[in-house]
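Not measured: the values here are computed from a predicted model. Order of the sequence lines sets the chain letters (A, B, ...), proteins ahead of strands, with each chain counted from 1.
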Amino acid sequence: MSEQMHREWMQRAKCGDEHAFTCLVKAYQDKVYSMAFYMTKNRQDAEDVTQEVFLKVWRSLDTYREEASPGVWIMQIAKNACFDYLRGRKRAETEPLYEVYDGEQVERPLADEDVQSNPAAAAVQDERRQAVARAIMQLPPEHREVLVLRYIDGLSYEQMAKVLKERQGTVKSRLWRAKKSLKNILENGNFF
Amino acid sequence: MRCENIEKLIAAYADGELEGVQKDFVKAHIESCPHCAELYREYLALNDALCASAERAPDDLCDKVMAAVREEKAAPAARSRGILLGRAATWMGVGVAAVLCVSVATTALVRHMAENAGDDIEIGTSAGDRAPEAEGTTADADVTYENIFEENVQPEQTTQDDQNFYESTAAPSDAPIDTEQSPEDAYPEATMPEDGEVESVPETAAPEQEPDREEQTESDVTRAPADTDTVTQPETDATPAPENAPRGWFGRMLEAVGDFFVQIFEAVVSLFGGKSRG
């Protein structure tokens with residue numbers, strides 16, 4: 001249902017409908033922002049990259065084909081924008097986490113509904129989220145990319161293969177290695 | 001299958017990406033292997049933690065994006081002009097490159113033609129000088145001036161003319177008459193030999209050659225074109241080795257074109273290098 005709705009918004013946005021494009025932005029901004037955040041390791045840069053991604057989406061609406069999935073198409077643009085950013089900034093892949101932002105970047109306020117329903121559980125979950133986020137930041141960009149696409153953006157292996165322009169077998173292997181590395185980091189840090 | 005080999009499949013099974021036989025196999029293995037069952041639970045927990053790691057975009061992000069979009073819509077003309085200027089500059093560059101390539105190629109071709117023409121003239125003048133020396137040294141040993149004269153000559157006419165010449169005692173119109181000398185002295189060749197034989201003229205050979213006259217006549221006709229070829233052959237033989245001239249011309253053209261493209265490439269690199277640093 002949501003996929004079909006998104007396709008309709010894309011078609012209307014192609015015709016210049018700003019309201020339809022606003023709906024698309026709201027539907028995909030969290031996913032794009034998550035990708036940008038984990039790739040740039042910086043919230044301000046992530047915000048800039050996310051804005052740039054949606055501007056590119058707006059400019060490229062004429063090239064969108066009806067048969068393509070809006071989510072896959074937008075994440076392709078997001079992935080390219082993130083790597084353009086990384087190439088431009090020439091950040092070292094082995095940058096230690098705490099030298100970058102001292103762990104503060106992964107903190108964010110808990111959602112009000114989470115706090116009201118079960119504050120303790122919300123706190124534990126938030127602590128776990130921060131631990132996982134820090135562990136993800138220690139991985140190389142190609143591992144961060146596949147983890148975000150799969151578990152945060154919710155793409156299937158097939159969709160990931162289209163975004164990354166790789167074979168499904170390659171995606172599966174890369175994802176497995178990323179999870180194994182992440183598991184080792186979390187076990188060594190006694191987060192699990 | 002060993003557990004370490006099935007770990008990758010367990011991760012995909014935890015993701016819900018296995019189907020058919022693979023899915024059934026892994027499911028059965030997990031149910032029978034405690035180690036792999038524990039691994040499967042760990043992967044499920046990791047998946048949940050990863051899913052919970054999604055970040056929320058700032059609340060005002062959508063407003064900022066739409067403001068930028070409206071700016072884009074309000075100023076499309078400036079962007080279009082920039083695009084058009086960029087395209088115009090690109091096509092101008094392509095045109096200039098094409099004109100330069102054509103001019104370089106034309107210059108090299110003209111030089112080559114000029115050099116070849118000069119070589120032809122040199123060969124033409126030296127062929128006559130070289131021909132006597134070239135006898136026996138040219139590729140075609142039969143091509144000599146002596147052979148050319150013999151082939152060009154009509155034996156029958158020569159024989160008759162020679163006969164007339166030797167029978168005639170009349171002085172040539174352009175030759176001075178020395179009254180002190182006897183006709184025989186003045187024209188020793190004109191002396192009628194007693195035997196009727198002429199030493200210098202292969203008159204006796206003429207009858208022998210008569211059977212071949214027709215052949216020679218025909219061959220002369222056929223040879224006529226060949227004569228021109230044989231005349232020109234020394235020219236071609238005397239040219240410098242054909243392999244060197246074309247290669248020199250072609251090599252020079254290639255070098256000129258290569259230098260041109262190197263300069264264009266360096267200019268483009270410096271241009272875009274300056275832009276990226278901006």
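Counting only heavy atoms from C-beta outward, the side chains of B:L46 and A:V132 never approach each other to under 4.5 Å. In this structure, the side chains of B:D15 and A:L175 come closer than 4.5 Å at one or more pairs of heavy atoms. At least one side-chain heavy atom of A:E187 sits under 4.5 Å from a side-chain heavy atom of B:E42. Contact of the B:R56 side chain with the A:Q29 side chain is not registered, since no non-hydrogen atoms from C-beta on lie closer than 4.5 Å.
Here the closest non-hydrogen pair linking A:I152 and B:S53 is CD1-O, 3.8 Å. Counting all heavy atoms, side chain and backbone alike, A:R128 lies closest to B:A45 at NH2-CB, 4.0 Å. The minimum heavy-atom distance between B:P58 and A:E47, with the atom names listed, is CG-OE1, 3.6 Å. Smallest separation of non-hydrogen atoms from B:A11 and A:W176: CB-CD1, 3.6 Å.
Checked by atom type and distance alone, the side chain of B:E55 never pairs as donor or acceptor with a backbone atom of A:D30 at under 3.5 Å.
Residue with the most contacts toward chain A among B:V65, B:D48, B:N47: B:N47 (heavy-atom pairs, distance under 4.5 Å).
For a residue to count as touching a neighbouring chain, one of its non-hydrogen atoms must lie under 4.5 Å from one of that chain's; by this rule A:R150 touches chain B with the side chain only.
Remark: B:E17 does not engage A:K172 in a salt bridge, criterion side-chain N to carboxylate O under 4.0 Å.
Sparse packing is recorded around CD of A:E127, with 12 or fewer heavy atoms of other residues, nucleotides or ligands lying under 6.0 Å away. Remark: A:K162 NZ is loosely packed, at most 12 non-hydrogen atoms of other residues, nucleotides or ligands lying under 6.0 Å away.
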